[in-house]
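Let me begin by handing over the structure; questions about it come next.
Within every chain, numbering begins at 1; the chains are lettered A, B, ... in the order of the sequence lines, protein sequences first and strands thereafter.
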Protein chains: 4
Amino acid sequence: MNDPVITPNTDKRALILDGAERVFVARGFAAARVEDIAEEAGVAKGTIYLYFASKQEVFVSLIEVRAQELVLSLQNQLFEIQSAALVLKSLVRIKVEFYLKHLGLIDQAFQWAPQLEQELQARLIVSRSSIAEASTHHLSKFIPAAFPVSMLVVTGVIDGAVNGIVLNAIEAQEVIDAEKIAEDVVFLLLPGMLQR
Amino acid sequence: MNDPVITPNTDKRALILDGAERVFVARGFAAARVEDIAEEAGVAKGTIYLYFASKQEVFVSLIEVRAQELVLSLQNQLFEIQSAALVLKSLVRIKVEFYLKHLGLIDQAFQWAPQLEQELQARLIVSRSSIAEASTHHLSKFIPAAFPVSMLVVTGVIDGAVNGIVLNAIEAQEVIDAEKIAEDVVFLLLPGMLQR
Amino acid sequence: MNDPVITPNTDKRALILDGAERVFVARGFAAARVEDIAEEAGVAKGTIYLYFASKQEVFVSLIEVRAQELVLSLQNQLFEIQSAALVLKSLVRIKVEFYLKHLGLIDQAFQWAPQLEQELQARLIVSRSSIAEASTHHLSKFIPAAFPVSMLVVTGVIDGAVNGIVLNAIEAQEVIDAEKIAEDVVFLLLPGMLQR
Amino acid sequence: MNDPVITPNTDKRALILDGAERVFVARGFAAARVEDIAEEAGVAKGTIYLYFASKQEVFVSLIEVRAQELVLSLQNQLFEIQSAALVLKSLVRIKVEFYLKHLGLIDQAFQWAPQLEQELQARLIVSRSSIAEASTHHLSKFIPAAFPVSMLVVTGVIDGAVNGIVLNAIEAQEVIDAEKIAEDVVFLLLPGMLQR
DNA sequence: TATGAATGAGTGTTCATTCAT
DNA sequence: TATGAATGAACACTCATTCAT
């Protein structure tokens, strides 16, 4: 009942990943210095190597954690929604919110893959797949059996649309409203998806 | 009829940019070594610095050249098309073909912008704008005046859709058919775009 | 009486400067490789950059430290000397000793100034001024008020004479005796300086 | 009598050396780029290598030519002067004038020697000796046989004095009057030199 | 002779990783 | 565990020299 010592976020791993995310997002993987990550996380440079084998491993671990969070988000919020429109809208809203919160981290992550060691690349792919599956799972329930466009293309369009819209909006320095974007995407895509 | 002196591709600038493209695409800007670019281009390291001031300048120049090529492609092929469906389809096909030919170079370029010098960043932005404008120009003719979704969102969806589809297909190691993808996108997007 | 921890010369900055001095003196600033300095100092190349921002900064810092040492030497040893002959003799002896110890480092330093960054050039000038001032201060007390030759010329002659004699002696591979040189300079210059 | 084609200074060797002097004086040997020398001389980079084996050889050749000029100057102007005061004064004046015309080139040249190849170092030493000999020759006639200070020291003082005075004056941004400097040096040194 | 495009060895600097404390 | 000083491999860029024209 009483917990005299508040351990504020004492999980060092999470602490380091939080710092790392800020640096990776601001500079990209290649330009992010381990020293920056340490400073941002409030630990010494050496400490990072107690929890992670390398800078690459920090990066991949971060992606894994964030991907897991997104997957949980999708599972929790898309569960039990009954209409195609609402699933699509919620899916887009969640992705936009996630994109804004993590500033495109995941979506950009895969550009760095070629520079990572084989094993770490594999871990990235697993994360990517788990996200794709979570998105596809709820969506596929509403796609007609004989739909002439493959699910791979459908999810590609949706994911890409989110990225494209947000990137354009950031470029144009517009205020980003996840709800509004979700409505726009439903407006544009739903008619096509319900055809036949 | 007779062309006594064969200039085998003697434009060194273009030669270097071609080599650079292969290296940038394979490794990304940060991991691309100038030495690799030189080797790929078949020139010595020092030669690169006769034609470009820095590695950064090689990168930006490459983007500029490719952007210009894409813009010309769009202008030539979208000119005089009369139906919305055909414009959309052609637009997507051209972008997919370009994406495949240059392996996402341009679409990935902007990730590196923050690491470039101010002046070079500005040059990137100009290139980006010229592409956006070329895409928007022909498309906007078919969008109803009171369309409830902004052009920025529409183009974001189209561009993003292209990227998303192609990335998914590459990931799944599928054969990519630009024509088929263009048809899929028209199928999914056109109904939404012609509403009201 | 007991000094449990022996700090073998642990001031890394001084250690590096000592190594740097040997290399700069032997090769000159431009031809001195940072790698050589590191090796001479017994540290790794990267270590130098923990203590100095650049090779240029190593050089200027070295000059500053040596100039400071020379100024202290002059202040300590010229203080309270009452005769012109002794001041002149001591001044020359100290400069010759310093020249031999540091092999003309300071006197050659200013040749490199144009190649240094503005701010570092300024630091060199400050060092040069502090030496000039220390020399002039004690000497000027013995120069008649209406002396027809300016102090700038007098100090120029003395400094130059030291350099000239030592260079000639080194060139001729003679053994250099600071005391003897000081006496010679007094013999040659004092009559002229006490005229009128 | 008529010389229709004026060959302005068509001796390419001399042309190159003139350009080289300006660059060496402005930047020092190490920082002087062959490209700069070529540009300054108005020839192509490759042309320099038709007349000189290397950048080092350009430098040493330049010193040799200038040293020869100085030696001729001394021989011509000191010849037949009968008084010690006038010899000393002329010697100093000629050296100051030479120093100003060539901006300390020769006097700084020997600092670069360690970076040169053995054979070129030897050529530098020969030049240095020829100057020293020319200076000493006329001066020694007026030094008493049993003078307690060696000629090496005397010439060192004179040469050094010239350098020291000019350097101080340049540093202080004073106008430099070779005649006045010569008088000052005579004033300061002659009494000491005529002792006993 | 003269040119200047091309070369590639050489160097200052950065930064991921280690390890003594 | 935690630290941060030390390391040295790696890389962008320069420039003396060469050589095809």
Worksheet item: For B/E39 and F/dC11, what is the distance between atoms CD and C1' respectively, to the nearest whole Å?
Response: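 Spelled out: CD on B/E39 to C1' on F/dC11 is 15 Å.
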Fill in: A/F29 or B/A44, whichever maps to the more 5' nucleotide of DNA chain E
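On the 5' side of the pair lies B/A44.
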Worksheet entry | Interatomic distance, B/I48 CD1 vs E/dA5 C1' [rounded to whole Å] |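 The answer, rounded to whole Å, is 15 Å.
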Discussion item. Taking D/R27's backbone N and O only, do any of them form a donor-acceptor pair with C/Q115's side chain (distance below 3.5 Å, no angle check)?
Written reply: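 A pair under 3.5 Å: yes.
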Worksheet item: Between E/dA6, E/dG12, F/dT3, which nucleotide gets closest to the side-chain atoms of B/K12?
Response: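 Nearest nucleotide to the side chain: E/dA6.
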Item to complete: Report which part of the nucleic acid D/A30 touches: base, sugar-phosphate, or nothing (heavy-atom distance under 4.0 Å, all strands).
Response: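 D/A30: no heavy atom of the nucleic acid under 4.0 Å.
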Discussion item. By the 4.0 Å heavy-atom rule, please label B/A31 as base, sugar-phosphate, or nothing.
Written reply: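 The answer is nothing, as B/A31 stays clear of every strand by at least 4.0 Å.
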Worksheet item: Looking across every strand, which nucleic acid part, if any, lies under 4.0 Å from D/A32 by heavy atom: base, sugar-phosphate, or nothing?
Response: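 Sugar-phosphate contact only - D/A32 comes under 4.0 Å of backbone atoms but never of a base.
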Practice prompt. Return the orientation label for the C/F59 and C/F29 ring planes: parallel under 30°, perpendicular over 60°, tilted otherwise.
Written response: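 Tilted: the ring planes of C/F59 and C/F29 meet at 30° to 60°.
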Discussion item. Whole angstroms only, please: what is the CD-P distance between C/E35 and F/dT7?
Written reply: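 The answer, rounded to whole Å, is 13 Å.
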Practice prompt. Calculate the interatomic distance between A/E57 atom CD and E/dT17 atom C1'; express it in whole Å.
Written response: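 Taking CD of A/E57 and C1' of E/dT17, I get 14 Å after rounding.
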Worksheet item: With nearest nucleotides of DNA chain F determined for A/T47 and B/S54 from heavy-atom distances, which residue corresponds to the more 5′ nucleotide?
Response: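 Going by which nucleotide is closer to the 5' end, it is A/T47.
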Fill in: Touch class at under 4.0 angstrom, heavy-atom based, for D/K55 against every strand present
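It contacts sugar-phosphate atoms only.
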Worksheet item: For DNA chain F, whose closest nucleotide is more 5', that of B/R33 or that of A/G42?
Response: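 Looking at DNA chain F, the more 5' nearest nucleotide goes with A/G42.
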Worksheet item: Between B/L50 (CG) and E/dG8 (C1'), how many Å, whole number?
Response: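 To the nearest whole Å, that distance equals 12 Å.
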Item to complete: Once you apply the 3.5 Å cut-off to both distances, tell me the Watson-Crick or G-U wobble partner of F/dA5, or none.
Response: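 Here F/dA5 is engaged in a pair, and the nucleotide opposite it is E/dT18.
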Discussion item. Given 3.5 Å as the limit, does a donor-acceptor pair link the side chain of A/E40 with the main chain of A/R22, or not?
Written reply: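 Not confirmed, A/E40 side chain does not pair with A/R22 backbone.
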Worksheet entry | Distance, rounded to the nearest Å, where B/I37 contributes CD1 and F/dC11 contributes C1' |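 Rounded to the whole Å, the gap is 12 Å.
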Worksheet item: Is a donor-acceptor contact shorter than 3.5 angstrom present between the side chain of D/K45 and the base of E/dT3?
Response: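 Checked by distance alone, the answer is no.
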Worksheet item: Quick one: C/L15 CG to F/dA5 C1', roughly how many Å, whole number?
Response: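 My rounded result for the distance is 14 Å.
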Item to complete: Could you tell me whether B/E57 and B/R123 have a side-chain N and a carboxylate O separated by less than 4.0 Å?
Response: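 Answer for the salt bridge query: yes.
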Practice prompt. Answer yes or no: is there an ion pair linking C/D18 with C/R66, defined by an N-O contact shorter than 4.0 Å?
Written response: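 Here C/D18 pairs with C/R66 in a salt bridge, since their nearest N and O are under 4.0 Å apart.
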Practice prompt. Between F/dA16, E/dT17, F/dC13, spot the one nearest the side chain of A/Y49, thanks.
Written response: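 Selected nucleotide: E/dT17.
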Worksheet item: Just checking B/Y51: base, sugar-phosphate only, or nothing, at a heavy-atom cut-off of under 4.0 Å?
Response: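 Counting heavy atoms under 4.0 Å across all strands, the contact made by B/Y51 is with sugar-phosphate only.
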Practice prompt. Let me know the distance between CD of B/Q115 and P of F/dA12, rounded to the nearest Å.
Written response: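 Rounding to the nearest Å, CD of B/Q115 and P of F/dA12 are 13 Å apart.
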